Number of protein chains: 2
Amino acid sequence: MNGTADPAIFVLLNEIAIIEHLARNQVERVLPDGLRLSHFTVLNHLVRLGDGRSLARIARAVQVERPAMTNTIQKLEARGLVRSAPNPRDGRGKLVFLTEAGRAMRGQAVAVMATALAPVPHGLTAEEIADLLGPLRRLRGALDRARDATEHAQDATADETAPQP
Amino acid sequence: MNGTADPAIFVLLNEIAIIEHLARNQVERVLPDGLRLSHFTVLNHLVRLGDGRSLARIARAVQVERPAMTNTIQKLEARGLVRSAPNPRDGRGKLVFLTEAGRAMRGQAVAVMATALAPVPHGLTAEEIADLLGPLRRLRGALDRARDATEHAQDATADETAPQP
DNA sequence: AGCTCCTTGTTCGATGTCGAACTATGTAGT
DNA sequence: ACTACATAGTTCGACATCGAACAAGGAGCT
């Protein structure tokens, strides 16, 4: 009817954008007391990969600009979920550490998110979820390289997937 | 090593969120003159599925709240990319139409996006892209149903995928 | 008709994110 | 040592999005 069919990659990215949007909204509705997904993402990152990291490094790993991370860390610190200290090795740097409250909050968030997302696997088998991951990681890699072509970053998001057995 | 392994669905959604973020940033850097992805999404929707739709209907289809769509339509109208007229059948409603400039802008945007995303398929074969789509559509469906469980919507995002052969 | 409930589009205030720009510090090259 | 240049963290202004709340109109029911 129309000659405007989108390329396959468009359709795929559109689908991904919608899924991200639905998942974000659904998850943010159940997170404890106004905790944003971006806040949780940082807590989760620090729990999984270890704390004592610099703000800039966290920002690169979770794919936000540094100003956004400054904001996020300030909010987390105001809630007592993280604390930060100057880096003794680097006068510019700042290291971010989890507090016990931060670890507890992350655990609580994981629990409610798991509950909220429980109905989802009914649309997808565990095997299908696993099968999706490989190609999606390569897609992410391709996007990372395409960005590097126009910019000049190299540490990208690699450490996000590091500790997978 | 740590006892904090995330459920598979978490890992999947995290990957999806990062891909969405990378793709959005990459695309918005090449869109003509400050055109936002949300603006393009509306233009693309109207070209593909037909114009003369109401603001609320477009908002549901592209998964944003009505205030956001009011803002988007106002920006598009200020640029002369769409025009709107009151719905003669419904005194509350407002119908949004594409202008020629809007159609042209959408075509131009598709072209530069295709160029910007050209390196991406090198990480993924066309067949893999196609294979991804089925499971992802079911994932979207599952999320839609999970949302319906706590809320009360039913038209969801179905028409977005309607014209697929 | 009248009443109730839903839908539409909008305005408002709050928040998160971005890019640009700035200061301070580290790093490399001469 | 000095002079670039890169990086860390922050502040600033712009902007999109959200949820809540509103006024206006439609739909259904008695």
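Just so it is clear, the structure is predicted and the values come from calculations on it, not from any experiment. Residue numbers begin at 1 in each chain, while the letters A, B, ... track the order of the sequences.
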> D:dA16 phosphate, OP1 or OP2: any side-chain N/O from B:Lys75 under 4.0 angstrom?
Replying inline: yes
> Can you name the nearest heavy-atom pair linking A:Arg66 to A:Ala56, along with the distance?
Replying inline: CD-CB, 3.9 Å
> Rounded to whole angstrom units, what separation is found between the CD atom of A:Glu20 and the P atom of D:dC18?
Replying inline: 11 Å
>> If the cut-off is 4.0 Å, is A:Ser38 near the phosphate of C:dT15, judged by side-chain N/O to OP1 or OP2?
In response: no
>> Test of understanding: clusters of I, L, V, M, F, W, Y form through side-chain heavy atoms closer than 4.5 Å, transitively. Do B:Leu133 and A:Leu124 belong to the same one?
In response: yes
> Is the distance from OP1 or OP2 of D:dA27 to the nearest side-chain N or O of B:Arg89 less than 4.0 Å?
Replying inline: no
>> Nearest whole Å is fine: how far is D:dC15 P from B:Ile73 CD1?
In response: 18 Å
> Atom CG of A:Leu76 to atom C1' of C:dT15: distance rounded to whole Å?
Replying inline: 14 Å
> Are any of A:His39's side-chain N or O atoms less than 4.0 Å away from OP1 or OP2 of C:dT17?
Replying inline: no
> Counting any heavy atom closer than 4.0 Å, what does B:Asp90 reach on the DNA or RNA strands: base, sugar-phosphate only, or nothing?
Replying inline: sugar-phosphate
>> Among B:Thr41, B:Leu81, B:Asp51, which residue satisfies the side-chain contact (heavy atoms from CB on, under 4.5 Å) criterion with B:Leu46?
In response: B:Asp51
> For the hydrophobic clusters of this structure (ILVMFWY residues joined by side-chain heavy atoms under 4.5 Å, transitively), does one cluster hold both B:Leu95 and B:Val62?
Replying inline: no
> Could you state the CD-C1' distance from B:Glu28 to D:dT17, rounded to the nearest angstrom?
Replying inline: 13 Å
> Expressed in angstrom and rounded to an integer, what is the separation of B:Leu22 atom CG from C:dC18 atom P?
Replying inline: 11 Å
>> How many whole angstroms separate atom CD of B:Glu65 from atom P of C:dT15?
In response: 18 Å
> What pair of heavy atoms forms the shortest contact from A:Gln26 to A:Ala116, and how long is it?
Replying inline: NE2-O, 4.4 Å
> Do the side-chain N or O atoms of A:Thr72 get closer than 4.0 angstrom to the phosphate oxygens (OP1, OP2) of C:dT15?
Replying inline: no
> Which one, C:dA24, C:dT10, D:dG25, comes nearest to the side chain of B:Arg92?
Replying inline: D:dG25
>> Nearest heavy atom decides the nucleotide; on that basis, is B:Pro67 or B:Gly91 closer to the 5' end of DNA chain D?
In response: B:Pro67
> Counting just side-chain N and O atoms, does B:His21 come under 4.0 Å of either OP1 or OP2 of C:dC18?
Replying inline: yes
> What nucleic acid atoms does A:Thr70 come within less than 4.0 Å of, heavy atoms only: base, sugar-phosphate, or nothing?
Replying inline: base
> Quick one: is B:Ser54 getting a side-chain N or O under 4.0 Å of the C:dT8 phosphate, OP1 or OP2?
Replying inline: no
> When we call it a touch if two heavy atoms are under 4.0 Å apart, what does B:Asn71 touch: a base, just sugar-phosphate, or nothing?
Replying inline: base
>> Over all strands shown, is B:Gln74 touching base, sugar-phosphate only, or nothing at heavy-atom distances under 4.0 angstrom?
In response: sugar-phosphate
>> Given D:dA8, D:dA20, D:dG9, identify the nucleotide with an atom nearest to the side chain of A:Lys94.
In response: D:dG9
>> Taking the minimum atom-to-atom distance to the side chain of A:Arg66, which one of D:dT7, D:dT10, C:dT11 wins?
In response: D:dT10
> Rounded to the nearest Å, what distance is computed from the CG atom of residue B:Leu31 to the P atom of nucleotide C:dG19?
Replying inline: 13 Å
> Among D:dT17, C:dT15, D:dG19, which nucleotide sits nearest the side chain of A:Arg36?
Replying inline: C:dT15
>> Please report the distance, rounded to the nearest Å, between CD1 in B:Ile58 and C1' in C:dG9.
In response: 12 Å
> Can we say B:Glu77 and B:Arg83 salt-bridge, meaning some charged N sits less than 4.0 Å from an Asp/Glu carboxylate O?
Replying inline: no
